[in-house]
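Let me begin by presenting the structure, written as structure tokens, before commenting on it.
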Amino acid sequence: MNITRQLKKISNFLINTPIHPQWLLARHDKYLLSEIGKKSNGIIVDIGAGKQKILNHITSKSAYIPIDYYTTSIGWYQHQPAIYATAEALPLQDSTADIVLLLDVLEHLPNPELSLLEIKRILKPTGTAIIKVPFMYPIHDAPYDFSRFTEHGLLRRINQAGLECDKITWLGTPIETGSLLINIALAKSLADAIQEKSWLTLLNLAFALLILPFNLLGLIGSIMRTRKSDWMPHTYIIQLKKCS
């Protein structure tokens with residue numbers, strides 16, 4: 001097993017602990033999946049399903065349809081979807097889905113506008129779509145990381161596709177977002193030093209000890225929220241429906 005895989009294995013094991021650099025993000029993800037699961041009913045279409053984490057939360061009343069690229073699902077996540085397809089051309093009939101999920105996917109699409117049109121097409125008139133997309137976050141899953149959207153840019157594209165926003169959630173106060181980015185930077189510097197077998201490994205390891213304090217700082221920053229934190233979020237979650 002190479003160093004990269006070893007680091008990923010350790011990272012996955014620690015993801016739900018405050019010594020992990022992305023713990024501030026992971027705790028929100030866990031809550032979101034739980035909330036989606038409580039409302040799950042009918043046909044759920046999960047576009048860019050990845051590891052299909054929502055399966056651990058949805059009820060037996062749901063029919064789950066995971067969709068993903070072959071390259072990413074097999075090569076990266078080792079999970080087989082029900083359908084291999086792109087988000088811009090879904091092989092599903094009109095008005096199929098009660099719930100459509102597009103979680104951490106929109107930024108990886110070369111034509112995000114087409115995917116929004118497809119969501120509108122497959123969504124039932126009474127259906128709900130949930131989009132989760134990063135705002136302040138490093139490049140990831142390169143070379144398939146194409147864009148970042150502000151709240152206003154997202155809503156403009158959503159409305160142009162014939163969808164409307166039911167609810168928007170901003171994840172991350174300025175202190176929380178800042179702490180998350182610092183921790184990711186610390187972890188990346190350490191991982192690079194280990195892979196390069198650099199003499200800087202020990203120095204970066206010392207810096208990595210700051211991850212826990214910054215996670216605690218970010219947690220305190222989120223608790224001290226005094227108003228909606230739409231200025232410097234790390235993530236947007238938008239609940240959509242078809243325009244009436």
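As the structure is a computational prediction, the values presented were derived from the model and not from experiment.
Between the side chain of Arg121 and the backbone N or O of Leu92, at least one donor-acceptor pair lies under 3.5 Å.
Leu24 and Leu219 get closest at one heavy-atom pair: CD2-N, 3.8 Å. The minimum heavy-atom distance linking Ser40 with Ile58 is given by the pair OG-CA, 3.4 Å. A pairwise comparison of heavy atoms in His140 and Pro134 identifies CE1-CG, 4.2 Å as the closest pair.
With sequence neighbours left out, Glu35 forms a side chain to side chain donor-acceptor pair (under 3.5 Å) with Lys38.
Residue Arg156 qualifies as open at atom CZ: its count of foreign heavy atoms under 6.0 Å is 12 or below. In Tyr144, the OH atom is not crowded: 12 or fewer heavy atoms of neighbouring residues, nucleotides or ligands sit closer than 6.0 Å. Ile139 CD1: 12 or fewer foreign heavy atoms inside a 6.0 Å radius. Other residues, nucleotides and ligands place no more than 12 heavy atoms under 6.0 Å from the NZ atom of Lys30. Atom CD of Gln93 is surrounded by 12 or fewer heavy atoms from other residues, nucleotides or ligands within 6.0 Å. Around CH2 of Trp231, the count of heavy atoms belonging to other residues, nucleotides or ligands within 6.0 Å does not exceed 12. Other residues, nucleotides and ligands contribute over 12 non-hydrogen atoms within 6.0 Å of the OH atom of Tyr69. The neighbour count for Lys120 NZ, taken as heavy atoms of other residues, nucleotides or ligands under 6.0 Å away, does not exceed 12.
The hydrophobic cluster analysis finds Tyr31 isolated: no Ile, Leu, Val, Met, Phe, Trp or Tyr side chain comes under 4.5 Å of it, directly or through other members.
Going from atom OG1 of Thr72 over to atom OH of Tyr77 covers 6.0 Å, rounded to the nearest 0.5 Å. To the nearest 0.5 angstrom, Asp145 atom CG is 5.5 Å from His108 atom NE2. One finds the CD1 atom of Ile67 at 6.0 Å from the CD1 atom of Ile47 (value rounded to the nearest 0.5 Å). Atom CG of Leu180 is separated from atom CD1 of Ile184 by 4.0 Å, given to the nearest 0.5 angstrom. A distance of 9.5 Å separates CZ of Phe149 from CD1 of Ile131, quoted to the nearest 0.5 Å. Rounding to the nearest 0.5 angstrom, the gap separating the CZ atom in Phe146 from the CG atom in Asp141 is 11.0 Å.
A side-chain N or O of Asn183 and one of Asn215 form a donor-acceptor pair less than 3.5 Å apart.
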